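Here the structure is laid out as structure tokens; the discussion comes afterwards.
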Amino acid sequence: MIVSVDGVKGAFQAIVEGELNCTVECSPLLGPQAVQAVHDYMDGVKLPARIWTIEGVFDATNAAAALPTRQY
């Protein structure tokens with residue numbers, strides 16, 4: 001069993017090719033989500049105590065479908 005971290009495009013390709021079993025995403029694309037939270041706060045929206053980042057776990061069941069959308 002081989003698992004990687006960061007969910008980079010190369011990992012998705014390796015899963016599709018059968019060279020990797022899983023990758024756990026730690027997305028560097030948090031900017032838009034953070035900016036939205038700031039805007040919401042400034043607009044008086046009560047923010048939750050914890051804001052979960054948009055990330056995921058990918059394996060042979062979903063890596064091929066996600067590969068074309070990878071930005072990094």
Side-chain angles (χ1 to χ4, degrees):
M1 174 74 61
I2 302 172
V3 178
S4 73
V5 177
D6 285 344
V8 296
K9 188 177 262 187
F12 283 73
Q13 189 61 46
I15 292 171
V16 169
E17 294 171 1
E19 298 172 357
L20 182 66
N21 299 100
C22 177
T23 188
V24 179
E25 182 176 41
C26 183
S27 177
L29 305 175
L30 301 177
Q33 190 178 13
V35 169
Q36 184 62 53
V38 171
H39 283 292
D40 288 348
Y41 177 79
M42 297 301 287
D43 290 341
V45 175
K46 181 172 173 41
L47 297 177
R50 174 177 282 170
I51 298 174
W52 294 97
T53 59
I54 301 167
E55 299 177 321
V57 176
F58 300 89
D59 60 16
T61 66
N62 58 0
L67 179 58
T69 66
R70 302 315 293 174
Q71 298 180 40
Y72 54 94

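Note that this is a predicted model, so its numbers are computed, not measured.
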Nearest heavy-atom neighbours spanning [X] and [Y]:
X: Cys26; Y: Asp6; value: CB-OD1, 3.6 Å
X: Ile2; Y: Asn21; value: N-OD1, 2.7 Å
X: Ala37; Y: Leu47; value: O-CD1, 3.7 Å

Should we count OH of Tyr72 as having more than 12 external heavy atoms under 6.0 Å? yes
So, taking the atom named CD in Gln36 and the one named NE2 in His39, what distance separates them when rounded to the nearest 0.5 Å? 7.0 Å
Hydrophobic cluster membership, Val5 vs Met1, 4.5 Å side-chain cutoff: no
Would Val35 end up clustered with Val38 when hydrophobic side chains under 4.5 Å apart are linked, directly or stepwise? no
If you look only at pairs with a residue in residues 10-36, which of them pass as a salt bridge (Lys or Arg N to Asp or Glu O under 4.0 Å), with sequence neighbours excluded? Glu25-Arg70
With a 3.5 Å cut-off and sequence neighbours excluded, list the donor-acceptor pairs that the side chains of residues 49-67 form with protein atoms.
residue, atom, partner, partner atom, Å
Thr53, OG1, Glu55, OE1, 3.0
Glu55, OE2, Ser27, N, 2.9
Asp59, OD1, Thr61, N, 2.9
Asp59, OD1, Thr61, OG1, 2.5
Asn62, OD1, Asp59, N, 2.8
Asn62, ND2, Val57, O, 3.2

